[in-house]
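To start, the structure itself, in structure tokens.
Naming: A, B, ... by sequence-line order, numbering from 1 per chain. What you see below is based on every heavy atom in this structure, not just the backbone, and it leaves out hydrogens, waters and symmetry mates. From a predicted model like this one, the values you see are computed outputs, not experimental measurements.
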Protein chains: 2
Amino acid sequence: MMMLMARAATTSDVFNAIAEPQRREILALLRTGERPVTELARELGMTQPGASKHLRVLREVGLVRDRRVGKQRLYGLDARGLRSVHEWTGGFERFWNESFDRLDAYVRELKQEGQEE
Amino acid sequence: MMMLMARAATTSDVFNAIAEPQRREILALLRTGERPVTELARELGMTQPGASKHLRVLREVGLVRDRRVGKQRLYGLDARGLRSVHEWTGGFERFWNESFDRLDAYVRELKQEGQEE
DNA sequence: TTGCCATATGCCAATATGGGTATATGATGA
DNA sequence: TCATCATATACCCATATTGGCATATGGCAA
């Protein structure tokens, strides 16, 4: 078949999940507590189906969990997955702290210390 | 005109820029020093045009800078933009540190302390 | 069962994206 | 100016995404 493979992984990756602004809003809002889709959609000004779709993506990557309560379904935050993103960006901390002009010098130092990253 | 607007912002947002695995690889590699596109492509096993395209995205969101050296163009890291991502995810830190079972209780506490997030 | 409320899906339209290959553009040195 | 190396673009293809709307599904209560 040899289908041309047009793009890499996607909605199974936390980085991608939080690349969508609205999904970030959802996560931020959920910090203040669980909510049913409807309320969430209302608070963020999106349609219910739209919110449902975003929640599905978030659920698939594990950033939210849901539990039944009567005929409602409450969505809650499970931020554990954000930790990897925090750590990944943290790996660049010294670079944004270093004065930009000193960056290259710093890099040179690193290279001498231990060869091979 | 009323074009249906099928998707939100995109390649002008750091979150989106780092959603691509290969772009994250590029950033990680650049921590060890500046490089011309060709070398970068070789080290990461991608074609030169492919690497150029990713670098363009990274440059547009400000995560890399480039400078001319002879007929080469060296790309270097400018991690300052990653700081916002680090901080955003950091805003969830207490949630991934809390025992999951205690989360709801914690949220309730927050709500009582200060109304309005 | 039958309604009804809450939420998830299906489908379509409009775009965004990534990758590949060929080619344009830039800069340098003879 | 010309040949050449380095890098960016243009185009095309296949697929991923998002949004809107209509509709299916699920769970409850009479």
What protein N or O atoms touch nucleotides 3-8 of chain C N or O atoms at under 3.5 angstrom, if any, and at what distances?
{"residue": "dC5(C)", "atom": "O4'", "partner": "Lys71(A)", "partner atom": "NZ", "Å": "3.1"}
{"residue": "dT7(C)", "atom": "OP1", "partner": "Arg73(A)", "partner atom": "N", "Å": "3.4"}
{"residue": "dT7(C)", "atom": "OP2", "partner": "Thr38(A)", "partner atom": "N", "Å": "3.4"}
{"residue": "dT7(C)", "atom": "OP2", "partner": "Thr38(A)", "partner atom": "OG1", "Å": "2.0"}
{"residue": "dA8(C)", "atom": "OP1", "partner": "Tyr75(A)", "partner atom": "OH", "Å": "2.2"}
{"residue": "dA8(C)", "atom": "OP2", "partner": "Ser52(A)", "partner atom": "OG", "Å": "2.2"}
{"residue": "dA8(C)", "atom": "N7", "partner": "Gln48(A)", "partner atom": "NE2", "Å": "2.7"}
{"residue": "dA8(C)", "atom": "N6", "partner": "Gln48(A)", "partner atom": "OE1", "Å": "3.2"}

* Out of dT21(C), dT18(D), dT9(C), which nucleotide sits closest to the side chain of Glu20(A)? -> dT18(D)

* Taking only residues at least two apart or on different chains, which pairs with a member in residues 39-62 of chain B satisfy ring pair (Phe, Tyr, Trp, His ring centres under 6.0 Å)? -> none

* Is the shortest side-chain N/O distance from Arg23(A) to OP1 or OP2 of dT18(D) below 4.0 Å? -> yes

Side-chain atoms of residues 46-53 of chain A: list all donor-acceptor pairs with protein atoms under 3.5 Å, sequence neighbours left out, distances to 0.1 Å.
{"residue": "Thr47(A)", "atom": "OG1", "partner": "Gly50(A)", "partner atom": "N", "Å": "3.0"}
{"residue": "Gln48(A)", "atom": "NE2", "partner": "Ser52(A)", "partner atom": "OG", "Å": "3.1"}

For the pair made of [atom1] in [X] and [atom2] in [N], what is the distance, rounded to whole Å?
{"X": "Arg67(A)", "N": "dG26(D)", "atom1": "CZ", "atom2": "P", "answer": "21 Å"}
{"X": "His54(A)", "N": "dA16(D)", "atom1": "NE2", "atom2": "P", "answer": "18 Å"}
{"X": "Asn16(B)", "N": "dT18(D)", "atom1": "CG", "atom2": "P", "answer": "9 Å"}
{"X": "Leu44(A)", "N": "dT18(D)", "atom1": "CG", "atom2": "C1'", "answer": "16 Å"}
{"X": "Lys53(B)", "N": "dT9(D)", "atom1": "NZ", "atom2": "P", "answer": "11 Å"}

* Compare all side-chain heavy atoms of Asp66(A) with those of Leu74(A) and state whether any distance is below 4.5 angstrom. => no

* **Set of residues satisfying side-chain contact (heavy atoms from CB on, under 4.5 Å) with respect to Arg56(B), sequence neighbours excluded** => Arg59(B), Glu60(B)

* Name all residues meeting the side-chain contact (heavy atoms from CB on, under 4.5 Å) criterion together with Glu93(A); count only those two or more places apart in sequence or in a different chain, and write none if there are none. => Trp96(A), Asn97(A), His86(B)

* **Listed partners of Phe92(A) passing ring-ring contact (aromatic ring centres under 6.0 Å, His included), at least two apart** => Trp88(A)

